[in-house]
Amino acid sequence: MAVRTPDPDPQDQPSDDDADFSAVGAAGFGGVPGGGANPAWLSDIELAEIRRRMPVLYVEAVPVRTDGTGQVTQVGILLRATPMGEITRTIVSGRVRFGETVRDALFRHLENDLGPMAFPLLPPSPVPFTVAEYFPIPGVSAYHDDRQHAVSLAFVVPVTGTIDPRQDALEVTWMTPEEASSATLASEMEGGRATLIRAALASVGMLR
């Protein structure tokens, strides 16, 4: 099953009233793609062209709950509606914007998917537990995205607050590490992300 990530954040899409039509075409003359009030915005045409020519950088996060000793006790799996109307299981994921640090991108997507009261605990210097490469051709790697070649920095992130799923994340199901690494869940995950979940659990010593 192909990856379906919110692309980009819906609240960042400029409305017709706010559009700066004088900036149209500026990217072709050394300007910022998309122009207007939000320089990180890409039109569908610009995004399709970029995806056709080069890899796109993503961050992904496996939300977890931990006990007092820092051991992972629960893994948060998102239930998401795709643009194709499919219901699938996934994790927090999204693109890194131009000029944005990996840390800021990670925090932004955690807040977008889990809500502003999730209170993720990011380390001072975030280091991914793995780098996942998504290819449009199945079989090149364990990860598949039929839209693009994407390179994803994947993190395990403890969250301590209240979860209020937003955007196209319908709910977050908290599972034990055993449930999260099961074949049953793997059959519901998109784009090979079951492999990513197992790698995440292995990185924190919870894969048995």
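Heavy-atom basis, side chains included; hydrogens, waters and symmetry copies ignored. Note that this is a predicted model, so its numbers are computed, not measured.
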| request: Evaluate the side chain to side chain contact (heavy atoms under 4.5 Å, CB included) criterion for residues Val159 and Val64: first the C-alpha distance (whole Å), next the side-chain angles of each, then the deciding distance (0.1 Å), finally the verdict. | output: CA-CA 6 Å; Val159 294; Val64 298; over 6 Å; no
| said: Test side chain to side chain donor-acceptor pair (under 3.5 Å) on Thr90 and Arg193; report intermediate values, then the result. | reply: CA-CA 7 Å; Thr90 188; Arg193 283 194 169 117; 2.8 Å; yes
| Checking side chain to side chain contact (heavy atoms under 4.5 Å, CB included) for the pair Val96/Leu153: CA distance, chi angles, key distance, verdict? | CA-CA 10 Å; Val96 179; Leu153 307 179; over 6 Å; no
| request: Could you please spell out the steps behind the side chain to side chain donor-acceptor pair (under 3.5 Å) verdict for Glu190 and Tyr143? | output: CA-CA 9 Å; Glu190 62 179 8; Tyr143 310 104; over 6 Å; no
| message | As a quick check of understanding, evaluate side chain to side chain donor-acceptor pair (under 3.5 Å) for Gln71 and Thr73, giving each step before the final call. | response | CA-CA 6 Å; Gln71 290 283 331; Thr73 58; over 6 Å; no
| request: Evaluate the side chain to side chain donor-acceptor pair (under 3.5 Å) criterion for residues Arg65 and Gln74: first the C-alpha distance (whole Å), next the side-chain angles of each, then the deciding distance (0.1 Å), finally the verdict. | output: CA-CA 5 Å; Arg65 301 279 197 191; Gln74 294 180 305; 4.7 Å; no
| Stepwise side chain to side chain contact (heavy atoms under 4.5 Å, CB included) check, Ile163 with Trp174 | CA-CA 11 Å; Ile163 303 302; Trp174 291 100; 3.8 Å; yes
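With hydrogens and angles disregarded, a donor-acceptor distance shorter than 3.5 Å links the side chain of Ser141 to the backbone of Glu133. Judged by distance alone, with hydrogens and angles left aside, the side-chain atoms of Thr88 form a donor-acceptor pair with the main-chain N or O of Glu188 at under 3.5 Å. Arg95 places no side-chain N or O within donor-acceptor distance of the main-chain N or O of Ala105, the cut-off being under 3.5 Å.
Contact annotation: the side chain of Val56 never approaches that of Val151 to less than 4.5 Å [non-hydrogen atoms, C-beta and beyond]. A heavy-atom distance below 4.5 Å is not found between the side chains of Asp164 and Leu114. Using a 4.5 Å heavy-atom threshold, the side chains of Val172 and Leu79 count as separate. Residues Val59 and Phe155 are in side-chain contact: their nearest non-hydrogen atoms beyond the backbone lie under 4.5 Å apart. Side-chain contact between Arg51 and His149 is absent, with no heavy-atom pair separated by less than 4.5 Å. Within the 4.5 Å cutoff, no side-chain heavy atoms of Val157 are placed close to those of Leu121.
For the atom pair Glu111 CD and Leu106 CG, the distance stands at 12.0 Å (nearest 0.5 Å). Atom CG of Leu196 is separated from atom OG of Ser203 by 9.5 Å, given to the nearest 0.5 angstrom. The line from CE of Met175 to OG of Ser182 is 7.0 Å long, rounded to the nearest 0.5 Å. Remark: Leu47 CG to Gln148 CD distance equals 7.0 Å, nearest 0.5 Å. Here CE of Met117 is found 6.5 Å from OG1 of Thr162. Values are rounded to the nearest 0.5 Å. Considering CD of Glu171 and CD1 of Ile77, their distance stands at 11.5 Å, rounded to 0.5 Å.
For Phe107, the CZ atom sits in a loose shell: 12 or fewer heavy atoms of surrounding residues, nucleotides or ligands are nearer than 6.0 Å.
One finds a salt bridge joining Glu100 and Arg108 here, because a Lys/Arg side-chain nitrogen approaches an Asp/Glu carboxylate oxygen to under 4.0 Å.
Scanning all heavy atoms of the two residues, the minimum distance from His144 to Pro138 falls at NE2-CG, 3.7 Å. The shortest heavy-atom contact between Arg198 and Leu207 is O-CD2, 3.7 Å. The shortest non-hydrogen separation linking Glu46 to Ser43 is OE1-N, 2.9 Å. For the residue pair Thr173 and Arg89, the shortest heavy atom distance occurs at OG1-NH1, 2.9 Å. In terms of heavy-atom proximity, Ser93 sits nearest to Asp113 at N-OD2, 3.9 Å. Across Pro63 and Val92, no two heavy atoms sit closer than the pair CG-CG2, 4.0 Å.
Note on Leu57 and Leu122: same hydrophobic cluster, where clusters join Ile, Leu, Val, Met, Phe, Trp and Tyr whose side-chain heavy atoms are under 4.5 Å apart, directly or indirectly. Each of Leu201 and Leu78 belongs to its own hydrophobic cluster when Ile, Leu, Val, Met, Phe, Trp and Tyr are linked at side-chain heavy-atom distances under 4.5 angstrom. A continuous path of hydrophobic side-chain contacts links Tyr58 to Ile50 [ILVMFWY only; heavy atoms under 4.5 Å].
A donor-acceptor contact under 3.5 angstrom links the side chains of Glu60 and Tyr134, judged on distance only.
Just one of Thr66, Val62, Val156 meets the side chain to side chain contact (heavy atoms under 4.5 Å, CB included) condition when paired with Val204; it is Val156.
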